[in-house]
Amino acid sequence: MRDIPEPEPDRRDDTALNETRPTDTLFGTLEERVVPVLVPLPAERPYSYRVPEGMQVEPGTIVQVPLGPRQVAGVVWDAPTDPVEPRKLRPITRRFDCPPLSTETRRFVDWVADYTLSPPGLVARMVLRAPAAFDPEPAAEGLRLTQARPDRPTSARTRLIETAAHPGEWTRGGLARAAGVSLSVVDGLMRQGVLEPVWLPSHPVVAPPDTGAARATLNPEQGAVAEQLAERIGQGFSVSLLEGVTGSGKTEVYFEAVARALDAGGQVLILLPEIALTQSFIDRFHARFGAEPAQWHSDVAPRTRERVWRQVAEGRVRVVAGARSALFLPFSNLSLIVVDEEHDPAYKQEDRTFYHARDMAVVRGQIGGAPVVLASATPSLESRVNAEAGRYTRHLLASRFADAVLPRLELVDMRRHPPARGRFVSPVLLTAIEETVARGEQALLFLNRRGYAPLTLCRVCGHRFGCPQCSSWLVEHRLRGTLQCHHCGHAERRPEACPHCGTFDHLVPCGPGVERLAEEMVEAFPDARTILLSSDLPGGARRLRQELDAVADGEADIVIGTQLVAKGHHFPLMTLVGAVDADLGLANGDPRAAERTFQLLHQVTGRAGRTGLKSRGLIQTFAPEHPVMQAIAAGEPEAFYQRETIERERAGLPPFGRLAAIIVSADTRREAEEHGRELRRAAPPDDDLEVLGPAEAPLALLRGRHRFRLLVQGPRRAPLQAYLREMTARAPRPRGSVHVQIDIDPQSFL
DNA sequence: AGCACGCCGACT
DNA sequence: GTCGGCGTGCTC
C-alpha cells in the first residue's frame with residue numbers, strides 16, 4: 001500500500017492558518033484573521049472568511065458561514081485558498097460547539113476529492129450531512145435530591161423522596177410517575193429546595209458494547225484466523241482478505257477482531273451493503289456484544305442519524321454498522337474497518353461523487369493507520385489480485401459450521417434435457433423438486449428476472465412491445481396487469497389488443513420471469529406450497545421480510561425468488577437450489593458479467609444445506625462448457641478467477657477490455673448510453689467496450705490504462721475539450737494506484 | 001449544490 | 001401582453 005501518495009506538503013505549508021494580514025482602513029491598519037473554510041459547494045478550493053474577534057478556530061472546526069444569501073455549515077480547513085478581494089471577505093457567523101473533524105478525517109476528504117476529481121467541498125459535504133448534529137444535543141433537565149427536607153412531610157412527599165433516592169436519572173415527569181404523585185408535588189419540593197435541577201448528559205444512542213458478553217465458540221481453524229486478525233489491531237495499517245463460504249463463520253471470526261479493537265479503546269466501522277444490514281445482522285452483533293451497534297443507513301430516522309453522527313464525533317459511539325456513506329462519519333479514533341460482502345457492487349456510488357466504498361475504506365485505514373478486513377465468500381477480482389500480489393493478506397475459512405456441508409452442484413445441460421414446450425424447468429430439476437418436497441424439505445428456484453415474461457409480442461403481426469423512452473423491451477407483470485420497463489421505470493397497462501394490428505387476444509409472452517415460473521410450479525405441484533419472493537411484490541420491504549421469515553420457518557415447500565434470495569438470508573430447511581437460467585447474466589454486455597454471474601450463483605447455491613442435510617444445487621445452462629459454469633460446478637472460485645483474470649494478467653494483457661469508449665458529449669447519462677449503443681454497434685466484435693458517462697470519462701482518461709475512443713460533440717463540446725486537455729496533461733504525473741486495475745470501469749480500479 | 005438572472009414559447 | 005422553460009454564472 002505504499003502507493004498512496006503522501007499529501008503534498010506544499011498544500012499545508014504555504015497558508016498559515018489564522019493568518020494575520022494588515023488591512024488598510026480609515027483608522028489605520030487593523031489586524032484581522034482570515035482562515036480557509038471548506039463550504040459545501042463544488043469549488044476547487046476553500047473560501048476565505050474573517051474570524052470575528054474572540055473566536056477560536058482550528059483546522060477541523062465546524063463553523064457557520066454566510067454564503068451568498070444563505071448560511072451554510074463549513075469546516076475550517078488547512079489548504080491554500082485563491083486570493084480574494086478583501087472587501088469580499090465576510091466573517092464567520094459562529095462556531096458550532098462540536099468536536100473538530102480529526103486530522104485523519106480531513107486528510108481522507110482531501111484524498112477522496114483528489115482521487116475522484118471531485119471538488120473537496122462536495123466531499124466535505126458528505127461528512128457534514130447531519131445538519132442538526134453540530135450543536136450539542138439539548139441536555140435534558142433532570143432532578144436530584146438535595147440534603148434539604150420538606151417543612152411538612154406529607155405521604156406524597158415522603159414517597160417522592162424515597163423514589164428520588166433510588167440511583168438513576170430522574171426527570172420531572174418520570175419521577176412523578178414513578179412515585180405515583182402529581183407534578184405539583186414535585187414542583188412544591190423543587191420550590192423548597194429538596195429537589196434541584198441538574199443537566200443530564202444526553203443519552204447514548206446505543207449502549208456500549210461489552211466485548212466479554214458472549215464469547216463465540218469457534219472451531220480451531222476459525223479461532224486461528226480470528227487470532228490472526230485480532231493481532232493486527234494496533235499494529236498499524238494492513239488489509240486482510242477474509243474469504244470463506246457461506247456459513248463458514250466469517251462474521252463470528254471478524255467479531256473477534258472487533259472485540260480486540262474495542263478493548264484497545266478504539267472505534268470500529270463495519271460496512272455492509274445496505275440490503276445486508278438486516279435485523280438478523282444486528283441480532284448477531286447483539287448476541288456477541290450484549291448491545292446493538294449504532295446504525296447508519298438511509299432508513300435510520302433523521303433524529304437518530306444526527307445523534308449517531310454527534311456521538312461518533314464525540315467518540316461515544318464505539319461501533320457503527322453502516323452502508324457505504326458511514327465511511328464519511330467523523331471518527332476520531334477509528335482503529336478497525338470491516339467491509340463485509342466486499343465484492344458487492346452496491347459499494348460503488350454512481351452519482352455525484354463517484355467512489356467505491358471498499359477502496360475508500362482501504363484508503364481510510366491507510367490514513368488512520370488502522371487495519372482493514374475485507375470479508376466475502378466470493379471476493380472481487382480486485383481483492384483477489386491484491387491478495388495474490390501480496391498487498392493483502394488472505395485468510396481462508398474452508399469449512400462450514402458444525403456438520404453443514406456444501407451442496408453438491410451439478411450442471412443441467414438444457415440442450416440434452418429440454419423442458420416441455422412453453423415451460424422452463426427441465427425434467428431433471430422437476431424430479432429433484434418432487435423428491436425434495438416429498439421428504440418435507442424445501443426447494444428454491446432462482447431466476448433473476450422480475451415479472452411474468454421479459455418480452456411480449458403479437459402472434460398475428462409480430463409487434464413487440466418496446467419502451468417508448470429507451471430501447472429495451474417491456475416486461476409483463478401479470479400480477480399487476482402492467483407492462484413495465486425495468487430500465488427507466490416506464491409502466492403502462494397491459495392492453496387487450498395489439499396496438500399495431502388491433503387483433504385481440506393474440507399477445508404472447510416470451511421467456512420466463514419469476515411470476516411465470518411460479519405458475520409453472522403451481523401447475524406441476526398443485527399440492528405443494530409455492531411462494532414467490534420478488535422485490536416488486538405488494539406490501540413492500542416489511543411484507544417481504546415477513547415472507548422470508550415464513551420461508552425460514554418452513555412455511556413453504558417451493559420458493560421462487562429473484563436475486564434478493566441470494567443476500568444474507570438463511571433457510572435451514574432448504575436442500576435444493578435450482579438456478580433456472582444460469583446463463584442470464586452472461587449475455588448483457590457488462591464486462592463484469594462473468595464475475596457477477598459467478599458470485600450470484602455461488603451465493604444462491606450457498607443458501608442450501610446449513611443443517612447437515614444432504615443438499616443439491618442444479619444449474620440449468622445452455623453453455624455447460626462456459627468457464628463460469630465449470631467453476632460453479634467445481635464449487636471452487638479458484639478455477640474461475642484463475643482463468644478469468646490471473647492468467648490474463650500473467651499473459652500481459654490488460655485485465656479486461658482492450659478498448660473503452662468514452663462518451664463525453666452527453667449531458668445526461670441516458671444520452672451517453674444512447675451514444676454508447678451506437679458506438680457498440682460500430683465497434684469491432686472482439687473489442688470489449690465500456691461506455692462511460694461524462695462524469696466518469698475524465699477519470700478514466702486520467703487513470704488511463706486503456707485505449708480510448710473519444711466522441712466529442714454536442715452543446716458542451718468546448719468546455720469538455722478544455723477539460724480533457726487539462727486531464728490529459730495531468731495524466732502522466734506519476735501517481736500510484738492503490739488497486740490493481742482489473743476493472744475497466746474507472747471507478748472500481750481506483 | 002442552490003439561487004438569481006436572462007432570453008424565447010404557450011396561455012391564465 | 002405575461003408565466004415559465006432551463007442555460008449561464010456566482011457564491012469568500
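Every chain is numbered from 1 and lettered A, B, ... according to where its sequence line falls, protein lines coming before strand lines.
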Nucleotide B:dG2, atom C1' - distance to CD of A:Gln71 in whole Å: 15 Å
Ring geometry between A:Tyr355 and A:Phe328 (parallel below 30°, tilted from 30 to 60°, perpendicular above 60°): perpendicular
Verdict with reasoning, A:Phe108 to A:Phe331, per ring-ring contact (aromatic ring centres under 6.0 Å, His included): CA-CA 11 Å; A:Phe108 181 54; A:Phe331 294 99; over 10 Å; no
Side-chain donor-acceptor contact under 3.5 Å, A:Arg106 with A:Thr103: yes
List every contact pair, protein side and nucleotides 10-12 of chain C side both N or O, where the distance is under 3.5 Å.
residue	atom	partner	partner atom	Å
C:dT11	OP1	A:Lys88	NZ	3.4
C:dT11	O3'	A:Gly68	N	3.0
C:dC12	OP1	A:Pro66	O	3.2
C:dC12	OP1	A:Gly68	N	3.4
C:dC12	OP2	A:Arg90	NH1	2.8
C:dC12	O3'	A:Ser48	O	2.9
C:dC12	O3'	A:Arg90	N	2.9
C:dC12	O2	A:Ser48	N	2.6

A:Glu314 and A:Arg310 ion-paired at < 4.0 Å: yes
Pair A:Asp135 + A:Arg94, salt bridge at N-O below 4.0 Å: yes
